[in-house]
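Counting from 1, the numbers follow the sequence of the chain as shown.
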Amino acid sequence: MRYARQTILPGFGAAGQSRLAGADLLVVGAGGLGVPVLQYLAGAGIGRITLVDPDRAEVSNLHRQPIFGRHIGRPKAEAAAVEMAALNPDCRITPLVTRLDPANAPDLVAGADLVLDCADSFAVTYTLSDACLAAGRPLIAGSVLGTQGFAGGFCAGAPSVRAVFPDLPAQAGNCATAGVMGAMAGLIGAIQAQMALTVLLGMTPSPLGQMIRFDGLRPASFRFDDAPEPQTGHRFIAPGQMRPDDIAVELRGMDEAPLPFVPHALRGPDLPRPQDGRRVVLACRSGLRAWAAAERLRRDWPGEIALIATGD
């Protein structure tokens with residue numbers, strides 16, 4: 001009886017439920033977007049979900065992450081696994097208390113049938129998009145800030161995130177500085193879950209190649225099926241992927257990062273002079289400053305430019 005109200009839908013049936021039970025998903029982020037995604041996908045009977053999140057539950061997040069009320073201080077990935085087991089024991093959650101980065105993303109993506117980006121991080125979004133494009137996996141990405149948000153379907157035959165957003169914004173806030181409406185996070189997360197179920201069930205029209213945006217309660221939707229993939233674009237790497245001869249540049253100030261991300265890193269904002277054959281690696285917290293510095297540098301730098309988002 002658990003799935004009776006969805007299996008009676010036209011085109012769903014026992015075959016559709018079996019398809020969900022056999023699915024293996026990767027969900028990155030157990031926050032304001034990840035919580036509704038997990039609730040609706042686990043409730044729908046998804047067979048396996050690998051959940052990646054490095055953070056712990058905090059009181060200030062409960063207005064948009066209400067499942068963590070009895071788990072303050074506990075890793076969110078582990079707490080979410082406990083809550084989803086109580087919701088639906090048919091769904092097996094594998095929690096990974098770690099950060100998604102360019103080093104672990106390819107293997108995690110390769111093991112999934114579909115990927116959901118709920119991390120609300122520029123670096124994670126582009127890293128997942130690059131990995132999904134290479135592996136041919138569908139990516140359902142979402143973002144929310146203040147009273148605005150969007151959800152979109154990318155890769156697996158549709159354009160990547162880079163095709164729709166080839167450049168990062170000049171500046172951006174986060175939930176701690178700009179605030180976020182909890183219900184808006186729930187709305188966008190629910191849309192992501194619906195998009196994921198639509199892809200898994202092969203329903204039409206496909207959400208891959210579609211963007212849905214909300215500005216308050218004003219919705220808008222458009223398709224981007226023909227968006228061209230950019231020929232160039234700055235790539236993120238993990239600190240462990242540094243090369244011995246890389247030129248490292250720390251863009252965080254001394255007050256933000258008394259110790260640079262590697263001991264030999266140069267301190268910005270001044271950028272190094274071009275050097276043939278060497279890669280320059282630019283690092284900041286979110287990747288935003290590193291991206292902007294790469295834009296300033298790329299016209300003169302003859303070699304490769306890579307970015308690192310150190311996180312909080």
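For Arg99 against Pro54, the heavy-atom pair with the smallest separation is N-CB, 3.9 Å. The shortest heavy-atom contact between Gly287 and Phe236 is CA-CE2, 3.9 Å. Scanning both residues, Leu38 and Ala80, for their nearest heavy atoms gives CD1-CB, 3.9 Å. Nearest approach of Ala44 to Gln17, heavy atoms of both residues: O-NE2, 3.0 Å. The heavy-atom pair separating Ile49 from Cys91 by the smallest distance is CD1-SG, 3.8 Å. Across all their heavy atoms, Val97 and Pro75 have their closest contact at CG2-CB, 3.7 Å.
In this structure, Ser206 has no side-chain hydrogen bond (donor to acceptor under 3.5 Å, both in side chains) partners at least two apart in sequence or on a different chain. For Glu58, the side chain to side chain contact (heavy atoms under 4.5 Å, CB included) partners at least two apart in sequence or on another chain are Ser60, Asn61.
Within the 4.5 Å cutoff, the side chain of Ser129 has heavy atoms near those of the Ser160 side chain. Residues Phe214 and Gln148 fail the side-chain proximity criterion, which asks for heavy atoms closer than 4.5 Å. With a 4.5 Å cut-off on side-chain heavy atoms, Val109 and Leu26 count as touching. For the pair Ile140 and Val115, the minimum side-chain heavy-atom distance is 4.5 Å or more. With contacts defined as side-chain heavy-atom distances shorter than 4.5 Å, the pair Asp53/Val28 does not qualify. Contact of the His63 side chain with the Val180 side chain is registered, since non-hydrogen atoms from C-beta on lie closer than 4.5 Å. Side chains of Leu139 and Val161 form a contact here, defined as non-hydrogen atoms less than 4.5 Å apart. With a 4.5 Å cut-off on side-chain heavy atoms, Ile308 and Glu250 do not count as touching.
Distance check: Leu200 CG to Arg19 CZ gives 8.5 Å after rounding to the nearest 0.5 Å. For the atom pair OG1 (Thr94) and CZ (Arg92), the distance works out to 5.5 Å, reported to the nearest 0.5 Å. We find the CZ-CG distance between Arg2 and Leu87 to be 7.0 Å, quoted to the nearest 0.5 Å. Taking CG of Asp113 as the start and CZ of Arg137 as the end, the distance is 7.0 Å to the nearest 0.5 Å. Put simply, CG on Asp117 and CZ on Phe154 are 9.0 Å apart, with the number rounded to the nearest 0.5 Å. Atom CZ of Phe150 sits about 9.0 Å away from atom CD1 of Ile188, to the nearest 0.5 Å.
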Legend entry - CA sep, side-chain torsions, deciding dist, call: Phe222, Gln210, side-chain contact (heavy atoms from CB on, under 4.5 Å): CA-CA 6 Å; Phe222 64 90; Gln210 182 181 12; over 6 Å; no

Legend entry - Candidate pair Asn104 and Leu96, rule side-chain contact (heavy atoms from CB on, under 4.5 Å), full reasoning: CA-CA 11 Å; Asn104 59 25; Leu96 300 179; over 6 Å; no

Inset, instruction - Take Leu282 and Trp291, measure what side-chain contact (heavy atoms from CB on, under 4.5 Å) needs, and give me the verdict at the end. - result: CA-CA 8 Å; Leu282 308 166; Trp291 188 291; over 6 Å; no

Inset, instruction - Could you walk me through whether His71 and Glu83 pass side chain to side chain donor-acceptor pair (under 3.5 Å), step by step? - result: CA-CA 10 Å; His71 299 286; Glu83 294 296 323; 2.7 Å; yes

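Cluster membership for Leu62 and Ile67, using ILVMFWY side-chain heavy atoms within less than 4.5 angstrom, is shared. Transitive grouping of hydrophobic side chains (ILVMFWY, heavy atoms separated by less than 4.5 Å) brings Ile212 and Met184 into a common cluster. Met242 and Leu307 fall into different hydrophobic clusters, defined by Ile, Leu, Val, Met, Phe, Trp and Tyr side-chain heavy atoms under 4.5 Å apart, directly or through other members. Leu133 and Ile237 end up in different hydrophobic clusters when Ile, Leu, Val, Met, Phe, Trp and Tyr side chains are linked at under 4.5 Å. Both Met195 and Leu114 belong to a common hydrophobic cluster when Ile, Leu, Val, Met, Phe, Trp and Tyr are linked at side-chain heavy-atom distances under 4.5 angstrom.
Remark: the backbone N or O of Ala238 is not paired with any side-chain donor or acceptor of Asp101 at under 3.5 angstrom. Side-chain atoms of Arg64 never come within 3.5 Å of backbone atoms of Gly182 as a donor-acceptor pair (strictly under, hydrogens ignored).
Test Leu20, Asp90, Ile8 against Tyr3 for side-chain contact (heavy atoms from CB on, under 4.5 Å) and you get one pass: Asp90.
A salt bridge between Asp130 and Arg162 is present, with a side-chain N of the basic residue lying under 4.0 Å from a carboxylate O of the acidic one. Using a cut-off of 4.0 Å between Lys/Arg side-chain N and Asp/Glu carboxylate O, Glu256 and Arg289 are scored as salt-bridged. Ionic pairing of Glu304 and Arg243 is present here: one or more N-O contacts between side-chain nitrogen and carboxylate oxygen are shorter than 4.0 angstrom. One finds no salt bridge joining Arg278 and Asp245 here, because no Lys/Arg side-chain nitrogen approaches an Asp/Glu carboxylate oxygen to under 4.0 Å.
Outside the 6.0 Å centre-distance limit, the rings of Phe165 and Phe224 are not counted as a close aromatic pair.
A side-chain donor-acceptor contact under 3.5 Å links His234 and Glu295. Side chain to side chain, Arg252 and Thr310 meet the donor-acceptor criterion of an N or O pair below 3.5 Å.
Annotation: salt bridge (Lys or Arg N to Asp or Glu O under 4.0 Å) contacts involving residues 197-224, sequence neighbours excluded, comprise Asp215-Arg218, Arg223-Asp225.
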